[in-house]
Structures are given as C-alpha cells and as structure tokens.
Amino acid sequence: MKNPYEVLGISPSASNEEVKKAYKTLAKKYHPDNYADSPLADMAEEKMKEINEAYDEILRQRTANKNGGDGGSNYNGESYYSGGGHIYSEVRSAINAGDYKTAESLLNGVAQTSRGAEWFFLKGCILIQRGYYFDALRYIDRACELDPGNREYTTLRDNLRVQSQSYGNPTSRQAGGCNMCDVCSFLICLDCLCR
C-alpha cells in the first residue's frame, strides 16, 4: 500500500481536521458518480478505493496511537463512520437511489479493519434489495452483535427473521395468516434506511 499521507496529499503532521478535509476534497473529486458513462469510470473507482484505504489507514494509526494529529485527541474512525458518517451516508444515498453497484463499491472500499456494525448493516440492506434475504440476515445479525442497542438494526433483523420463518410455510398463506403489521413494520424499517 502507498503511503496514506501521500495519497491524500498531506503531511503526517496534519491535524485530524486537515486529514478529514483532504479526504472529503478528494472523495468529491473522484466519486464514481462524477464519472458515470465515462471512459474514466473504472479509474475513478480505483482511485476512490485507494483514497478510502488511505483515509482508513490514517484513522487506524491515529486511533491505535491515541496520540494523533491534533495534540493527543482520540480520533475514533469508527464513530466518524457510524450513524451518518461521510462514507456510510453516501452508501445510504446510493441505496436510496437504487444504485446498489455504487453502494457496494463504496462499502468494499472500506478497509476490513474498519468494518463495524454500520458496514454490516448496510451490506445486509444491499442484499435485501437484491433479494438475498438469508445472506442479508447473516450481515444484519452481525451488525446487531456489534451494536446490540441500535434499534434500526434490531428491528430490521427481527422483521427479516419473521419473514424467513414464514417463507414456504403453507400456514402463512391461509386467510388471516398474513400479519399486515409485520409487513408494515418491515416496510417502515426499509423506509428508515432511506433517510
């Protein structure tokens, strides 16, 4: 891997705020959506992946040292991402727009060491949209293990479990056997994802 500071075009002594600013500037410049239907699309996607990896590496180093760029503040990369961080909010926007390829590409650009509950949740959501409910449930379960107090995660997991248990069950198709509350709850959870 290249020097992450060189990839972002900053010095190792840059403050956490400068790191974040450099990352956002490059992410806007090389975001794959800017190159849709362009011969440069593949190059932009690779560059975006390199930028994400560099940013994640810097966050990992600074979190591990707990004595990073701005005078010893603990800059926790995980909390930056979870619940609306830059990358994950882009993933949510892509899912909302129905652009699952971009959403998955952005998720795959997140370093494995930085993949927390939000990553697993969003991966599960993409799989739901593609119709892979059982695989989605595995990812959502992992998100719930990592962040058991997150109601968005647990509600979706519980609704997926209800749906998977009734799949193929002839009694669930009898009159009165379909619980519309479960269906509505599931749709509300999916709607929450889009916000």
Side-chain angles (χ1 to χ4, degrees), residues 20 23 27 31-33 45 48-49 52-53 55-57 59-60 63-64 74-195:
K20 190 188 310 184
Y23 169 76
H31 194 280
D33 289 348
E45 191 168 325
M48 191 67 214
K49 184 177 178 183
N52 284 334
E53 287 175 357
Y55 182 66
D56 289 339
E57 178 62 18
L59 294 180
R60 187 193 63 73
T63 301
N74 180 11
Y75 187 71
N76 184 340
E78 186 67 19
S79 67
Y80 174 71
Y81 280 129
S82 60
H86 185 66
I87 292 296
Y88 293 152
S89 65
E90 285 185 40
V91 172
R92 285 177 180 260
S93 294
I95 292 171
N96 190 33
D99 188 359
Y100 309 121
K101 183 178 179 181
T102 297
E104 194 156 36
S105 174
L106 288 169
L107 278 181
N108 291 340
V110 174
Q112 287 188 349
T113 56
S114 298
R115 294 179 180 179
E118 181 78 353
W119 189 93
F120 284 95
F121 175 74
L122 293 173
K123 181 73 170 185
C125 291
I126 291 169
L127 292 171
I128 288 169
Q129 296 301 322
R130 291 188 168 161
Y132 301 116
Y133 300 107
F134 294 107
D135 290 335
L137 183 56
R138 286 186 305 138
Y139 282 94
I140 304 293
D141 277 339
R142 181 69 178 134
C144 291
E145 288 171 13
L146 295 171
D147 187 0
N150 188 309
R151 293 191 64 169
E152 182 182 23
Y153 301 171
T154 56
T155 302
L156 182 56
R157 178 200 59 200
D158 295 344
N159 285 325
L160 278 174
R161 284 183 177 164
V162 167
Q163 296 301 319
S164 67
Q165 288 170 355
S166 65
Y167 179 76
N169 182 353
T171 59
S172 69
R173 294 190 190 104
Q174 294 176 358
C178 179
N179 184 343
M180 290 306 292
C181 290
D182 290 340
V183 174
C184 289
S185 296
F186 182 74
L187 292 174
I188 289 169
C189 289
L190 290 178
D191 186 52
C192 289
L193 172 67
C194 297
R195 293 186 184 160

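For the single chain, residues carry numbers from 1 onward in sequence order. Just so we're clear, the structure is a prediction, and the values are computed from it rather than from any experiment.
Salt bridge annotation for Asp135-Arg138: present, with a cationic side-chain nitrogen under 4.0 angstrom from a carboxylate oxygen. We find that Glu152 and Arg157 are not joined by a salt bridge, their nearest charged nitrogen and carboxylate oxygen being 4.0 Å or further apart.
Between Asp141 atom CG and Leu137 atom CG the span is 4.5 Å, to the nearest 0.5 Å. For the atom pair CG of Leu59 and OH of Tyr23, the computed distance is 9.0 Å after rounding to the nearest 0.5 Å. With rounding to the nearest 0.5 angstrom, the CG atom of Leu122 is 11.5 Å from the CD1 atom of Ile87. Remark: Glu90 CD to Asn52 CG distance equals 8.0 Å, nearest 0.5 Å. Rounded to the nearest 0.5 angstrom, Tyr55 OH and Lys20 NZ are separated by 6.0 Å.
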- Task: Output, in order, the C-alpha distance, side-chain angles, deciding distance and verdict of side chain to side chain contact (heavy atoms under 4.5 Å, CB included) for Glu45 and Met48.
- Result: CA-CA 5 Å; Glu45 191 168 325; Met48 191 67 214; 5.7 Å; no

- Message: Evaluate Asp56 against Val110 for side chain to side chain contact (heavy atoms under 4.5 Å, CB included), listing each step before the verdict.
- Response: CA-CA 7 Å; Asp56 289 339; Val110 174; 3.9 Å; yes

- For Arg60 and Glu53, what are the C-alpha separation, side-chain angles and deciding distance, and is it a salt bridge (Lys or Arg N to Asp or Glu O under 4.0 Å)? CA-CA 10 Å; Arg60 187 193 63 73; Glu53 287 175 357; over 6 Å; no

- Message: Pair Thr154, Asn150 - check side chain to side chain contact (heavy atoms under 4.5 Å, CB included), show working.
- Response: CA-CA 6 Å; Thr154 56; Asn150 188 309; 5.9 Å; no

- Query: Is there a side chain to side chain contact (heavy atoms under 4.5 Å, CB included) between Leu156 and Phe121 once you walk through the steps?
  - Reply: CA-CA 9 Å; Leu156 182 56; Phe121 175 74; 3.6 Å; yes

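Checked against side chain to side chain contact (heavy atoms under 4.5 Å, CB included), Glu104 has the following partners two or more places apart in sequence or in another chain: Asn108, Lys123, Ile126, Arg130. Residues forming a side chain to side chain donor-acceptor pair (under 3.5 Å) with Tyr100 (at least two apart in sequence, or on another chain): Gln129. Residues satisfying the side chain to side chain contact (heavy atoms under 4.5 Å, CB included) test with Arg142, not counting sequence neighbours, are Phe120, Glu145, Leu146.
Shown here for Cys125 and Ile140, the closest heavy-atom pair between the two residues is N-CD1, 4.2 Å. Residues Ala136 and Gly124 share a closest heavy-atom pair of CB-O, 3.3 Å. Tyr88 and Arg115 get closest at one heavy-atom pair: OH-CA, 4.5 Å.
Tested against Val91 for a side-chain contact (heavy atoms from CB on, under 4.5 Å), the candidates Asp99, Thr102, Leu107, Asn96 yield a single pass: Leu107.
Using a 4.5 Å heavy-atom cutoff, the side chains of Glu57 and Thr113 are not in contact.
Without hydrogens or angle criteria, Ser93 side chain to Ser89 main chain gives a donor-acceptor distance under 3.5 Å.
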